Q: 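One structure, pasted below without further comment.
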Amino acid sequence: MKKRIIVTGGTGYIGSHTAVELINEGYEVILIDNLYNSEKEVTGRIAEITGTTPELEIFDLCDREKLQDCFGRHRNIDAIIHFAAYKAVGESVNKPLKYYRNNLVSLMNLLDSMRSFDIPGLVFSSSCTVYGQPEKLPVTEDAPIQPAVSPYGNTKQIGEEIIRDTVFAEEKISAISLRYFNPIGAHPSALIGELPRGIPENLVPYITQTAYGLRDELKVYGNDYDTPDGSCIRDYLHVVDLAKAHVIAVERLIGKRNKKRYEVFNLGTGRGVSVLEAIHAFEKATGIKLRYRITGRRPGDIEKIWADPGLANRELGWKALSTLEECMRTAWEWEKNIRKK
């Protein structure tokens with residue numbers, strides 16, 4: 001009998017790629033999404049890639065009654081992967097209550113329902129933003145948690161605390177938080193990828209939309225940071241590599257190979273890349289010259305951060321394999337493909 005996994009935010013960017021990897025590994029996948037930042041047609045694209053159409057439940061996790069009803073109809077769930085959350089750093093600075101309400105209420109509803117329906121495993125989509133601006137780089141899982149730089153980052157910090165306390169109180173629940181750095185790229189089929197609504201908050205969609213001509217120019221937020229070229233530094237990893245880590249985490253929970261009932265892992269490449277380096281990597285991968293302009297710093301941005309992924313490499317047997325140029329190439333192929341439709 002196939003293991004059954006619920007993926008919240010399952011038609012979103014990382015959720016859809018994870019659904020593909022789960023289906024390819026033989027899991028039965030049920031998606032939950034309110035379609036706030038995605039489209040239900042994604043299920044058809046997942047089907048084109050895998051040959052299997054996952055079931056999609058359309059509702060908001062903040063609606064506790066609908067969540068309870070969903071879990072009542074889908075029994076014998078082995079684990080949940082929780083992606084559903086608002087995630088734009090800049091927007092969270094301007095609309096903090098929107099982020100606290102959505103990201104934390106949805107998580108609490110989910111954990112409460114897991115307890116009610118005896119769902120034993122949770123993989124939580126966390127973020128390197130929990131570290132704030134770390135004192136030492138690369139950052140390890142043991143790094144002190146600094147004050148969050150944005151409300152979004154704070155929801156991830158608080159979310160982890162809620163999960164930790166719940167796992168401590170509920171012996172039947174185990175959880176893994178995956179603190180990942182900056183996912184980019186798209187599936188090699190170019191059928192699924194990152195599709196932000198409005199002006200992109202993340203760098204790579206802004207790059208690809210500028211390259212395609214949808215944006216007049218790319219804005220680089222600040223060139224006066226304490227970095228080699230003055231622009232912010234991040235750790236960019238391919239979304240498919242990231243998706244595969246979620247499958248491994250689910251298998252760890254289902255197989256009861258977790259060493260503690262609550263575990264935390266960094267997911268990154270271990271290499272810091274500046275915004276300007278990322279722009280040049282896109283130009284090299286595609287042969288397209290980008291038009292960009294330096295502007296002022298953006299509120300909520302961290303100066304520099306990259307991962308020490310050693311624990312995930314050792315414990316999970318996971319490693320980010322794709323190069324930065326491969327990430328950029330797949331992102332560009334996805335951008336071109338969606339603009340044809």
Side-chain angles (χ1 to χ4, degrees), residues 5-16 18 30-40 56-74 77 79-130 132 145 147-170 172-180 196-198 201 246 261-262 264 300:
I5 310 298
I6 283 179
V7 180
T8 73
T11 57
Y13 176 41
I14 307 172
S16 60
T18 301
I30 300 155
L31 310 179
I32 298 175
D33 208 301
N34 66 357
L35 306 181
Y36 172 80
N37 197 32
S38 61
E39 302 171 347
K40 64 181 179 180
L56 172 61
E57 295 274 357
I58 302 174
F59 66 92
D60 195 314
L61 289 174
C62 290
D63 189 327
R64 188 176 181 277
E65 288 185 7
K66 288 185 178 178
L67 179 58
Q68 293 267 323
D69 174 70
C70 175
F71 281 8
R73 289 181 286 105
H74 296 288
I77 299 298
I80 295 171
I81 305 179
H82 181 43
F83 293 109
Y86 296 154
K87 64 180 182 64
V89 169
E91 183 187 48
S92 77
V93 173
N94 296 320
K95 300 177 180 178
L97 291 179
K98 173 181 177 178
Y99 274 68
Y100 287 119
R101 184 178 297 111
N102 181 76
N103 293 6
L104 299 180
V105 171
S106 62
L107 174 61
M108 290 187 286
N109 285 349
L110 193 64
L111 287 165
D112 200 29
S113 297
M114 287 178 65
R115 182 178 59 178
S116 299
F117 290 93
D118 295 322
I119 299 173
L122 174 71
V123 177
F124 179 58
S125 167
S126 192
S127 167
C128 65
T129 56
V130 301
I145 301 299
V149 180
S150 69
Y152 164 72
N154 205 25
T155 66
K156 292 301 182 181
Q157 288 185 358
I158 297 169
E160 285 197 15
E161 292 170 358
I162 290 170
I163 294 167
R164 186 182 297 111
D165 290 344
T166 302
V167 166
F168 179 79
E170 302 291 336
K172 293 182 180 179
I173 297 177
S174 294
I176 293 174
S177 285
L178 298 178
R179 293 174 178 167
Y180 37 87
R197 292 181 176 170
E201 288 273 352
H246 289 79
R261 288 197 300 111
Y262 180 64
V264 173

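Keep in mind the model is a prediction, meaning the values are calculated, not measured. All values below come from the heavy atoms of this structure, side chains included, with hydrogens, waters and symmetry mates left out.
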Q: First locate atom NZ of Lys156, then atom CD1 of Ile145, and finally report the distance between them rounded to the nearest 0.5 Å.
A: 13.5 Å

Q: Can you give the donor-acceptor pairs under 3.5 Å from side chains of residues 83-91 to other protein atoms, not counting sequence neighbours?
A:
from, atom 1, to, atom 2, distance (Å)
Glu91, OE1, Tyr99, OH, 2.5
Glu91, OE2, Lys98, NZ, 3.0

Q: Please determine which of Ile58, Leu31, Asn37 meets the side-chain contact (heavy atoms from CB on, under 4.5 Å) test together with Thr11.
A: Leu31

Q: Can you pull out every salt bridge (charged side-chain N to carboxylate O under 4.0 Å, His left out) where at least one residue sits in residues 108-117? Sequence neighbours excluded, please.
A: Arg64-Asp112, Asp112-Arg115, Arg115-Glu170

Q: So, using side chain to side chain contact (heavy atoms under 4.5 Å, CB included) as the criterion, who are the partners of Pro120 when residues are at least two apart?
A: none

Q: Return the set of residues passing ring pair (Phe, Tyr, Trp, His ring centres under 6.0 Å) with Tyr13 (not counting sequence neighbours), or none when no residue passes.
A: His17

Q: Applying side chain to side chain contact (heavy atoms under 4.5 Å, CB included), can you list everything that pairs with Phe168, at least two apart in sequence or on another chain?
A: none

Q: Contact between Met108 and Leu111 at the side-chain level, heavy atoms closer than 4.5 Å - yes or no?
A: no

Q: Evaluate the side-chain proximity of Leu178 to Ser125: yes if any heavy-atom separation is below 4.5 Å, no if none is.
A: no

Q: Looking at every non-hydrogen atom in both residues, tell me the closest pair between Cys62 and Ser106 and how far apart they are.
A: SG-N, 3.9 Å

Q: Please round to the nearest 0.5 Å and tell me the distance separating atom CG of Asp33 and atom OG of Ser16.
A: 9.5 Å

Q: Evaluate the side-chain proximity of Phe59 to Glu65: yes if any heavy-atom separation is below 4.5 Å, no if none is.
A: no

Q: Is any side-chain heavy atom of Leu122 closer than 4.5 Å to a side-chain heavy atom of Leu110?
A: yes

Q: What pairs with Val167 under side chain to side chain contact (heavy atoms under 4.5 Å, CB included), at least two apart in sequence or on another chain?
A: Ile163, Ile173, Ala175, Arg261, Tyr262

Q: Once salt bridge (charged side-chain N to carboxylate O under 4.0 Å, His left out) is applied, do any residues pair with Arg73, and if so which ones, sequence neighbours excluded?
A: Glu57, Asp69

Q: Hey, could you give me the OH/CD distance between Tyr152 and Gln157, rounded to the nearest 0.5 Å?
A: 11.5 Å

Q: Grab the two heavy atoms, one from Pro151 and one from Ser92, that are nearest each other, plus how far apart they are.
A: CG-O, 3.1 Å

Q: What residues, two or more places apart in sequence or in another chain, satisfy side chain to side chain donor-acceptor pair (under 3.5 Å) together with Ser113?
A: Gln68

Q: Between Asn103 and Thr155, is there a donor-acceptor pair closer than 3.5 Å when you use the side chain of the first and the backbone of the second?
A: no

Q: List in chain and number order the residues that pass side chain to side chain donor-acceptor pair (under 3.5 Å) with Glu161, two or more places apart in sequence or in another chain; answer none if no residue qualifies.
A: none

Q: Nearest 0.5 angstrom please: His246 NE2 to Thr18 OG1, how far?
A: 5.0 Å

Q: Is the shortest heavy-atom distance from the side chain of Asn109 to the side chain of Leu61 under 4.5 Å?
A: no

Q: Considering residues at least two apart in sequence or located in another chain, which fulfil the salt bridge (charged side-chain N to carboxylate O under 4.0 Å, His left out) criterion with Glu39?
A: Arg45

Q: Tell me, do Phe71 and Ile32 make a side-chain contact under 4.5 Å, heavy atoms counted?
A: yes

Q: Output yes when a side-chain donor or acceptor of Arg197 lies under 3.5 Å from a complementary backbone atom of Ser38, and no otherwise.
A: yes

Q: If the condition is side chain to side chain donor-acceptor pair (under 3.5 Å), which residues does Thr8 pass it with, not counting sequence neighbours?
A: His82

Q: Quick one: does Arg164's side chain get under 4.5 Å of Glu160's, heavy atoms only?
A: yes

Q: Considering residues at least two apart in sequence or located in another chain, which fulfil the side chain to side chain contact (heavy atoms under 4.5 Å, CB included) criterion with Asn34?
A: Tyr36, Asp60

